[in-house]
Amino acid sequence: MIATSIAGEARPSGPRRLLRHLLFSEYLVLYLSLAYFLAVLPFVPQMASAEVMRNILSDMLPLLVVAIGQTFVLIVAGIDLSVTSIIAMASVVGASVMTGDGGYLADSALAVPGAMIAMVLVGLAIGAFNGFCVNRLGMPPFIVTLTTMMFFSGAAIWFTTFHTETSSIANLPHGFVVLGQGNLGGVPHALWVVAAVGIAAHLVLARSVLGRRLYACGQNRRAAAVSGVPVGRVIAAAFLISGACAAVASILYTGRLQTGTPILGQTILLDIIGAVVIGGTSLFGGKGKVLWTVFGVLFLVLIDTSLKMLGLSLFSVFAIKGCVILLAAVIDAVRTRYAARF
Amino acid sequence: MKLTRRQFTIGTLIAAGTAGMPVFAKAQGKKTIAVLFDGLYSPFWVAGLDALKQDLTKRGYEMVQAISDKDDNRQFEQVRAMLARKVDGIIIVQTDSNAVIPAIKAANDAKVPMVHFNRPPAKTDAFSVAVVADNRKITNATVEHMVKVAREQGGKYKAAILIGNLGDPNAIGRRDGFFDVVDKNKDIIDVVARIPTEWNADVAFAGLTNAFQANPDINFLFTSSDFLFPQIVQVMKTRNKFHQIGQKDHVIFGGFDGDATAYELLKDKYLDADGVQDLFKEAELAVNAIVDLQGGKTVERVLLDPGFAIHQANMAEVRDRMWGYSIYKQKNG
């Protein structure tokens, strides 16, 4: 009896082997995305068209940048809720610099680069503030970033009122708009920006000392400190990177809408965190990869796109999206449980 | 029978494609109009969506809907998704008049007509049609009736206005319509409170509470939208200001939209006047514009709903044109 059981476990059947391979593969979310794509294809045949594929790619890009930044923070067992307010604040600050309607650098050759630098500086400044509060003041990241989110969401609206009579800042230069909207041979310009950010982030996490320190801080902060890792500076760096990534996302979103708006990105926080976590990055730190985040973002954007094309009511969209994400989370939980067993 | 992995994959793809054929074929038979709203935050928008649905169904169109939840980027993505779905027209309620411009350009590129329902876009070279209520004129008529009541009662009045989100041209029209009239009647009306609401009921509640604390003698009140009535009534009751017409301490009270609550308040003699957007006419104008544009006809960029003011004197005659009265009738038989 015992011998049979051992023999059974040593040589699992074909389908079980395939299931185990799928379940434990780091490409699981990619497989789920493919499965979802095939499942919705009968209901939305246009999903397979080149136009929708291009839409999916361009919808993924800004969300992916901000999610990559969030990955860094989650790896050190933190969370950055302020990314949406960074997107909004950077959007209106950048627009106020370059708008043709009385911008600080209106009609100047420096308008676009000046605005982009200002936007990244906003991201870095808020990220640095978050890092300082978490690192120096020992405040929980949840509370720090929640309050910065609230403050800068309000500040963005307040800032806008000084620059326009309406609720958004328009008339942005063509050179900026083309970054968010333009494409060359169907390949969006934004792809090059996001690819550069993604590759740099991957190299930092996988190939640099900072990357190893980030994982060490996320796994066991005390052990990392004992091992000589400058924990405070590493955590601050994670928030700084998250802020910068949110600012880059803001550049892409603002260019795409041709408008600096103080409510930009206000409703995407759950998509950002959801995409990173669905990808496989742990909320408890120490585990995460840029590639996983790419898969998580792809999965969420696929769901969103299919539901948009189905034209379902708002309530159905929320319910279906919730169910699909829950299913992905359940599969992840099952995977973790089996991983612990084997 | 053994099945190789390749056979399985090909079989699955063929099955998926075959299953999709009926859906695809069905989509070919009927013209489809996308109706994209930014939210269903007040009865006006719920009734608007309903009116459009009824009109489109009556004309044999299929309607697909999407709500962006006040997210400009999501709405842009929704427009592109609908264009990829090859819809025959788009009726949209945008959150921001500037941020909708890329969506109009995308629709122009795809040669799909776009009509803005009740909210015009900012100035742009891109072509679209906007169906809007003549907010300023309707507000003029509403506030003129309130002033008439004030003059008949005699005395001096301290006025308050709840102003909407000034990113929305409708809010600007209503604000300007109010001041057009009160500025001509400064001898009896002094505006002591301009309360920004951002179209947010909580903000309106807090703002009006503060206004009554600072000016307990406010006796002339206009709200830029009827959906704020529950909060306003709550504040007025708390301050002992909610009295029927003819009673001592009645606050001369006016609103804008024409919803079911407005009708009830008029009927119960708490509300003096209400500006009514002719929702059914607006839905008809929007669908007509889509049909005309599809047919290659020329359509004006702005189609005006003249609307009207309903008040105690004309209620019985005009209430059938008030969309809120239709809802009230449905609810109460």
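Quick note on labels: first sequence line is chain A, next is B, and so on, each numbered from 1.
- Here B/Asp72 contributes atom CG and A/Leu257 contributes atom CG; the two are 6.0 Å apart, rounded to the nearest 0.5 Å.
- There is no contact between A/Ile56 and chain B, counting heavy-atom distances below 4.5 Å.
- The line from CZ of B/Arg74 to CD1 of A/Ile268 is 9.0 Å long, rounded to the nearest 0.5 Å.
- Proximity to chain A among residues 101-126 of chain B is limited to B/Ile101, B/Pro102, B/Lys105, judged by heavy-atom separations below 4.5 angstrom.
- Atom CE of A/Met150 is surrounded by 12 or fewer heavy atoms from other residues, nucleotides or ligands within 6.0 Å.
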Can you list the steps and then say if B/Asn73 with A/Arg256 is a side-chain contact (heavy atoms from CB on, under 4.5 Å)?
CA-CA 8 Å; B/Asn73 179 61; A/Arg256 182 181 230 211; 2.7 Å; yes
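- Per-residue counts of heavy-atom pairs under 4.5 Å with chain B were compared for A/Asn55, A/Thr267, A/Leu264; the largest is that of A/Asn55.
- Around atom CG of A/Leu146, more than 12 heavy atoms belonging to other residues, nucleotides or ligands sit under 6.0 Å away.
- No other option in B/Leu36, B/Val64, B/Leu49 has as many heavy-atom pairs under 4.5 Å with chain A as B/Val64.
- Two residues are said to be in side-chain contact when any heavy atoms from C-beta on lie closer than 4.5 Å; A/Glu51 and B/Lys86 meet this criterion.
- Residue contact with chain B, scored on non-hydrogen atoms closer than 4.5 Å, involves the side chain of A/Thr261 exclusively.
- Exactly one residue among B/Asn98, B/Thr95, B/Asp96 makes a side chain to side chain contact (heavy atoms under 4.5 Å, CB included) with A/Ser167. That residue is B/Asp96.
- Among all heavy-atom pairs drawn from B/Glu77 and A/Asp59, the shortest one is CG-OD1, 3.3 Å.
- Smallest separation of non-hydrogen atoms from B/Ala81 and A/Lys308: CB-CB, 3.9 Å.
- Top candidate by heavy-atom pairs under 4.5 Å with chain B, chosen from A/Ser58, A/Ala48, A/Ala39, A/Gly265, is A/Ser58.
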